[in-house]
Structure formats: structure tokens, C-alpha cells
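Everything below concerns the one structure shown next.
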Amino acid sequence: MAGGRQYWLMKSEPDVFSIDDLARLPNRTTSWDGVRNYQARNFMRAMQPGDQVLFYHSNANPPSVVGIAEVVKTAYPDATQFNPQDPHYDPGSRPEQPRWDVVDVRFVHKFETPLSLDVLRGQPRLKGMELLRKGSRLSVQPVRATEWDQVTRLGRGRAH
DNA sequence: GCCAACGTTGGC
DNA sequence: GCCAACGTTGGC
């Protein structure tokens with residue numbers, strides 16, 4: 001499949017797993033487990049190494065895009081779905097045909113200033129962004145190139 | 001802690 | 001296949 005890199009946004013609760021946690025890991029890389037939504041899973045299955053990811057802190061104060069990560073490995077089965085001890089255990093998923101996947105994601109950069117929802121909502125160019133849609137709960141979502149450019153520019157602290 | 005917006009489940 | 005009930009997400 002040809003085509004350039006794609007852009008995504010992934011949500012995490014910083015109390016559970018923050019961008020600082022990611023930056024502290026060996027290789028600054030983690031497998032993004034626990035996704036239990038089919039739409040989000042399908043987006044992860046579409047991810048390719050090199051794809052760029054906005055790291056978003058949900059249930060945070062304030063909720064914010066806090067930095068950038070990148071995809072380093074395509075989707076493969078999420079081991080937590082088969083572990084009865086794990087909160088994300090899915091008794092309905094068969095090992096012969098796993099229901100849930102992870103991708104591997106590596107830390108790239110943390111913004112000097114987090115970009116809060118308020119700040120992002122103030123940007124006309126981000127009008128159609130999935131994250132800003134009322135009632136949007138998708139934990140993995142695509143980001144348009146124009147949105148990516150705008151958000152990362154803001155993250156560098158320019159163009160206010 | 002509240003609750004709106006969603007997604008899933010299961011009875012029918 | 002409909003839809004009510006239920007569980008979850010996530011901003012506020």
C-alpha cells in the first residue's frame with residue numbers, strides 16, 4: 001500500500017499512563033493495549049510504522065494534547081484480552097481469532113505547553129477535528145494533515 | 001459527582 | 001431487526 005504517513009490521535013488517562021510514563025520506558029516504546037472499541041481497533045489496524053500520533057491526556061485537568069508519538073509496529077493481538085486477571089480481559093475472544101489488537105508506539109516529543117481543549121477549540125482550522133466533536137469518545141482517531149500541522153505548530157509555541 | 005453521549009447486550 | 005436497559009467514556 002503506497003502513500004505517505006498518516007496522522008492519528010490516541011487518548012490515555014495520565015493517572016493510568018501518561019506521556020511521561022512513555023518517555024521513561026526502555027526504548028521509549030509501549031504496546032498500546034486495552035483498546036476495546038471496534039472503530040478504534042480498526043484505526044489501529046490501519047496504522048503503519050512511521051505514522052505520527054498526537055498523545056492526548058483524557059480525564060486530565062485540563063484535558064490536553066501533550067505531545068507526539070509514532071507508530072513503530074503494525075497491529076498484533078493484545079495479550080491482555082486472554083488474561084482473566086487483566087481488567088481488559090475479554091472472555092469472548094478466541095486465541096485462534098483474537099478480537100483485539102495493539103500497536104507499538106514510541107515517544108517522539110513532549111510539547112512545552114499542553115494544548116488544552118479550550119485552546120484547540122479557539123482554532124478555526126480545527127473546526128472539524130474529531131476530538132472536538134461534542135460527545136466524541138473515540139480513543140483512537142484519525143487526524144487530518146491540516147489539523148496535524150496546526151496542532152504541532154501550536155505545540156511549538158508559535159502561531160498564537 | 002453528575003450526566004450526556006455513546007456502544008453493547010439481550011429479550012422479544 | 002428493534003429497542004430498552006445497561007455499562008462506559010470523559011468533559012465539566
Side-chain angles (χ1 to χ4, degrees), chain A residues 6-25 30-47 51-71 74-105 107-144 146-148 150-155 157 160:
Chain A
Q6 305 215 128
Y7 303 108
W8 308 94
L9 180 146
M10 299 174 96
K11 298 180 180 176
S12 185
E13 302 189 26
D15 290 349
V16 178
F17 186 79
S18 72
I19 192 166
D20 292 326
D21 294 329
L22 178 61
R24 270 195 294 268
L25 288 177
T30 194
S31 61
W32 200 273
D33 61 18
V35 171
R36 295 294 181 269
N37 170 283
Y38 289 105
Q39 209 181 343
R41 181 205 65 184
N42 292 342
F43 285 133
M44 287 205 299
R45 288 183 173 174
M47 290 179 179
D51 283 4
Q52 302 292 110
V53 178
L54 294 174
F55 198 114
Y56 177 78
H57 280 171
S58 60
N59 274 315
N61 205 355
S64 312
V65 176
V66 291
I68 297 170
E70 75 178 329
V71 177
T74 53
Y76 59 98
D78 181 344
T80 65
Q81 72 195 305
F82 302 122
N83 178 4
Q85 274 16 285
D86 194 280
H88 298 292
Y89 176 55
D90 181 356
S93 180
R94 312 306 215 98
E96 316 86 69
Q97 200 176 1
R99 199 176 268 174
W100 307 112
D101 282 358
V102 298
V103 292
D104 286 357
V105 163
F107 175 87
V108 172
H109 174 76
K110 184 182 173 184
F111 294 154
E112 290 199 10
T113 314
L115 302 173
S116 69
L117 282 183
D118 273 358
V119 166
L120 297 177
R121 286 213 179 88
Q123 300 296 319
R125 304 180 110 110
L126 301 180
K127 203 87 192 297
M129 199 173 174
E130 169 67 21
L131 179 71
L132 304 181
R133 244 193 56 238
K134 184 183 159 125
S136 170
R137 302 190 315 178
L138 251 190
S139 63
V140 178
Q141 52 184 261
V143 170
R144 296 178 186 90
T146 51
E147 295 163 349
W148 176 270
Q150 180 67 5
V151 171
T152 54
R153 189 171 300 130
L154 290 171
H160 277 276

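The sequence lines fix the lettering, A, B, ..., with proteins before strands; numbering per chain opens at 1.
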A:Gln39 has a side chain; which of B:dG7, C:dC12, C:dG10 sits nearest to it?
-> B:dG7
Protein-nucleotide distance (A:Leu131, atom CG; C:dG10, atom C1'), rounded to Å = 11 Å
Roughly, in whole Å, what's the span from CZ in A:Arg41 to P in B:dG7?
-> 15 Å
Please give the angle, rounded to 10 degrees, between the axes at the start and the end of the helix from B:dG1-C:dC12 to B:dC12-C:dG1, where five pairs define each axis.
-> 10°
Check each residue of residues 133-141 of chain A for a non-hydrogen atom within less than 4.0 Å of any atom in DNA chain B, then write out the ones that pass by number, or none.
-> A:Arg133, A:Lys134, A:Gly135, A:Arg137
Could you state the interatomic distance from CD1 (A:Ile19) to CZ (A:Phe107), rounded to the nearest 0.5 Å?
-> 5.0 Å
Please determine which of A:Asp90, A:Asp101, A:Asp78 meets the salt bridge (charged side-chain N to carboxylate O under 4.0 Å, His left out) test together with A:Arg36.
-> A:Asp78
What pair of heavy atoms forms the shortest contact from A:Tyr89 to A:Asn83, and how long is it?
-> CB-O, 3.1 Å
When the ring planes of A:Trp32 and A:Phe55 are compared, do they come out parallel, tilted or perpendicular, using 30° and 60° as the limits?
-> perpendicular
Measure across A:Ser58 and A:Pro14 and return the closest heavy-atom pair with its distance rounded to 0.1 Å.
-> O-CD, 3.1 Å
Gap between atoms CG and P, on A:Asn61 and C:dG11 respectively (whole Å) | 10 Å
Distance in angstrom units between A:Asn37 CG and B:dT9 P, rounded = 12 Å
What's the CZ-P distance between A:Arg36 and C:dG10, to the nearest Å?
-> 15 Å
Here the pair of heavy atoms bringing A:Trp8 nearest to A:Asp51 is NE1-OD2, 2.9 Å
Calculate the interatomic distance between A:Tyr38 atom OH and C:dT8 atom C1'; express it in whole Å.
-> 15 Å
Tell me, do A:Val35 and A:Val102 make a side-chain contact under 4.5 Å, heavy atoms counted?
-> no
Rounded to whole Å, the NZ-P distance (A:Lys11 to C:dT8) equals 17 Å
So which heavy atom on A:Val103 is nearest to which on A:Met47, and how close?
-> CG2-SD, 3.9 Å
Looking only at heavy atoms, the pair that brings A:Leu9 and A:Tyr56 closest together is CD2-CB, 3.9 Å
Quick one: is C:dG11 close enough that its OP1 or OP2 comes under 4.0 Å of any side-chain N or O from A:Tyr56?
-> yes
Which whole-number value in Å describes the distance from A:Asp90 CG to C:dG7 C1'?
-> 15 Å
